[in-house]
Each structure stands twice: as C-alpha cells, then as structure tokens.
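FYI, the numbering just counts along the sequence from 1. The model shown is predicted, which means the values in this text are computed figures rather than measured ones. Whatever order the structure lists ligands and atoms in, that order sets their numbers, starting from 1.
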Amino acid sequence: MTFDYDLFVIGGGSGGVRAARIAAGEYGARVGLAEEYRMGGTCVIRGCVPKKLMVFASSYRGAVEDARAYGWEVTAGNFDWTAFRAKLDTELDRLEAAYRAGLNGAKVTIHDCRATLEDAHTVRLTDGGRVTAKHVLIATGGRPFLPPIAAEAGAMTSNDIFLMERLPRSVLIVGGGFIACEFACILNGMGVAVTQFYRGEQILRGFDGEARGHIAEHMREAGVNLHLGTEVIEMTRVEGGTRVKSTDGREAVYEAVVYATGRVPNTEGLGLEAAGVTLGRGGKVIVDDWSQTVVPSIYAVGDVTDRINLTPVAIREGHAFADTVFGARPTRPDHALVPSAVFTQPEFGTVGMTEEAARDERPIEVYATAFRPMQSAFAGRPDRVMMKLIVCAETRKVLGCHIVAPGAGEMIQLAAIAIRMGATKEDFDRTVAVHPVMAEELVTMRKPVRKA
Ligand code: NDP
C-alpha cells in the first residue's frame, strides 16, 4: 500500500515538532504535521516561554529595591502590563515563525487545521482533506483542568493569564502545584494582591519536604497570602469580581480567580478509540517504552501520554521516536533522573530522589545548609538559600539534589550531570569550590545533618 506520508504528526508542540524535523530533516521521511492553534504548542505559546518572560518582568521590582540598597538613586514606578503584553506578543510571533521556518526547512508539510484519526493510517483534516500515513504520531499535549465549580463561575486558567487586557488589582489562585505557585509569585511581583488556596498541607506535593516548606515561607514573606488546607465552597460573580467563600470561613471578593488545578491530556474527539488506541486514566494515551500504542502504526509523545510532563522530556521522546522508526537507531527515551526547575521566587531546582522517598528505600545521609546569600544580605533582605544533598549511606552516591536559590534552575542543570554520572558525596567534596558563589556550598557540606 502506498501512503501520502511516511509520518503524520498531530500537534505542533515541542514533541511533535522535534519528531517531524528529525524524521524529515535527518532521515528524509515524507512528513505532514497538523496544528489547530499556534505552532510551538504549550511551551512556546502559553507555557514555559511566556511564563519565564513574566518571571523576569516581575523580578525587577525587587531588583530596583536592591539597587537602592547598593547606593543607586532609583525609584520603582508601576508595572505597565500593556507595554509588556505588546512586547510579549511580538516575541511569541517571532518564536512561532521560527518554529514554522524550522519545519519548512526540513520540508515538513504544515496543515493549519485540526486533524482526527479515521483509522490506523488515515487522518481527516478540518480543511476538508483526508491523508494517509504509514505512521501517525499523536503529540497533542494537554490543557488545564477546571473542576465544575470553577468552570461554572468562569474562573481563569493559566492560558487566560497571558491574554489579559490589564492586570487585576487582586487575584485568588487555587492550587498548589507548579503553575499555581509560579503565577502566585509572578503576579505578586507585578504588584497584584495575591491570595492562594491549596487544599493540602503544603504546596508542591511530591517535591522534597524541606524545600516545599522553605519556598512557602519565602512566598509568604514576599507578600503572597497563602492559605493551606483551604478549599473554595462557593463562588458568585459580583460587581467588580467574584465573591468567594472558603472552608476556613473566609469570604472575600477578588477581581480575578485563577484555577491551576492540574492538566489533562488532549485526547477528546481525536478518533483514538475508534482507531483502536487504548486510553488510560484521565484520557492519556497508553504507550510502551518506545512510545508505541497498541496500534502498531500509531505512536504518542509528550504530555498526551502523561509520563513526565516537561518540554525537554517531550523533545527527547519525539527525537527517540524518530530515531527508532525512521533512523534505524532504536532509542528508548530515558525518564530517569530528569532535572527540573520551578520558577517561584525564590527559584527551585531539583533532581533525583526526595529525602522522603529515599529514606523509605534505603539508609541515607542528608547534607543540608541554609544561609543568607551575599547579594541579598547586603541589601538587607531576609532571604535564605537552601541546598540539600541526599546520599546513599552504602554506595555514597548522591541520590538527589534540591536547591532553593536565585538561579537554582541554572545550578541544577550542572549538578544533574554529575549525579547522572553516578557521582558520590566524596566526588562532590573533592571538587574545589568556586568562591564567592552560592553553589560552592554544594561541595563544602562536611557533616550530615541527619541519617535516616
Ligand atoms: P499539578 O498537578 O502540579 O498541580 C495541581 C494542583 O491543583 C495540586 O496542588 C492539586 O492538589 C490541586 N488540585 C487538583 N484538583 C483540585 C481541585 N478539584 N480543587 C482544588 N485543588 C485541586 O498541576 P499544574 O497545573 O500546576 O501543572 C501541570 C504540569 O505542568 C506539572 O505537573 C508539570 O509537569 C508541568 N509544569 C512544569 C513547569 C516547570 O517545569 N517549571 C511549570 C508549569 C507546569 P493535590 O496536590 O492535593 O492533588
């Protein structure tokens, strides 16, 4: 049987674009790709990239205060969201164009429309076409999940934040994960009065306990009105905002309410079940170690598979798929020791096991330090940095590293290389410190603070 394409990719985000470019550009496959919204996907259009630019924008208020403490005669004005938003839109247009240019350069045919599966090899396009492909890659990502109470009240999601016409004076953020905490810090930095409700005992569930506590404390010190063990009971639209009643007996009006209560895979209405693909909890596509579904011609990568929902992981999965299927280089994406950063203020970088997970598994030693870094201490700020290594008591290997500090995302990338290589605590100790930098503490922690 002859097909229109060797590969048809549904979804123009990080995973889909990488797979398409490698399959076509490196291995000469005939590739088509459909994207119904904007090229670049969540990361570029409404995730990592605009979020990080907002992190930068929001950090200048503190930077101006620090500058004054260092002797500069400067005063902080107000943040102009409209001016920032215009620049942000221009930057996202530029990045989207770069993604398109990359695909065009690799000779991938772009279809600017929605695509759904008809069967294992046939894709129907909303522009009226229908194409066949030897392989189909599902790379449709995820979308924010809104509980019914929030959907009924018209609450915002992270998608809406980037499109706001103006900054609200006050906001309630519901959730305690990556997105809720990052936006709480960003909006607080931009001068919005931020209240955050999290239903559990401590924000950032799943991360190292000490780091979670450290971040929560600093968020509160910076002005985020964080309420733990708190849920919304009732929301009513009123003049100027939304009146919210919560389980802690509070009742208040917020100009905006943002729900960051998790994300779900984008598999609805794609025709996957009809094509024979198995879906799991929450609608995720079930794949094996090679990203292949139970239908041999259909693969899936990225957030739609709900493995580790991070851009660099989706890129790895897309690349490994292309190497395996079109490059005759069987490659399994490696999901071990994936480092990540949470762009709260202060920033959090983490790789490997938490203290809680490691001590359940084996005897460990914990090396940790918390200190006031030179730059902010001079400026009179109370900020403290936290660094922590989890070490296997038997092999001496560093099992996990957790850093809460300015630039922690940059530091953890480098620590992750050593840890992936199997570095022991003694390897860290043998490495000469760089002075005076915060990260030197990683190689100067002599005695464990506890053994477990
Ligand atoms: P998370 O799953 O991390 O967090 C969801 C939060 O919402 C949790 O605190 C959860 O509570 C809470 N929640 C869930 N349902 C409800 C409900 N019905 N009512 C009240 N609270 C609720 O999702 P995010 O949306 O924050 O992030 C999604 C993913 O995106 C992340 O897992 C991450 O992979 C990725 N991401 C990565 C970033 C980065 O690398 N810097 C940045 C942003 C996102 P509970 O803990 O009790 O379940």
Q: Check the side chains of Gln196 and Tyr198 for a donor-acceptor pair under 3.5 angstrom, ignoring hydrogens and angles.
A: no

Q. Any chance the side chains of Ser58 and Gln345 put a donor and an acceptor closer than 3.5 Å?
A. yes

Tabulate below the donor-acceptor pairs under 3.5 Å that side-chain atoms of residues 137-149 make, not counting sequence neighbours, or state none.
residue, atom, partner, partner atom, Å
Thr140, OG1, Asn266, O, 2.8
Arg143, NH1, Asn266, OD1, 3.0
Arg143, NH2, Glu268, OE2, 3.3

**Q.** Near ligand 1, at a heavy-atom separation below 4.0 Å: residues by chain and residue number
**A.** Lys51, Pro147, Gly175, Gly176, Gly177, Phe178, Ile179, Glu182, Tyr198, Arg199, Arg205, Ala260, Thr261, Gly262, Arg263, Asn309, Leu310, Ala341

Charged N to carboxylate O under 4.0 angstrom, [X] versus [Y]?
{"X": "Arg381", "Y": "Asp66", "answer": "yes"}
{"X": "Arg450", "Y": "Glu355", "answer": "yes"}
{"X": "Arg100", "Y": "Glu35", "answer": "no"}

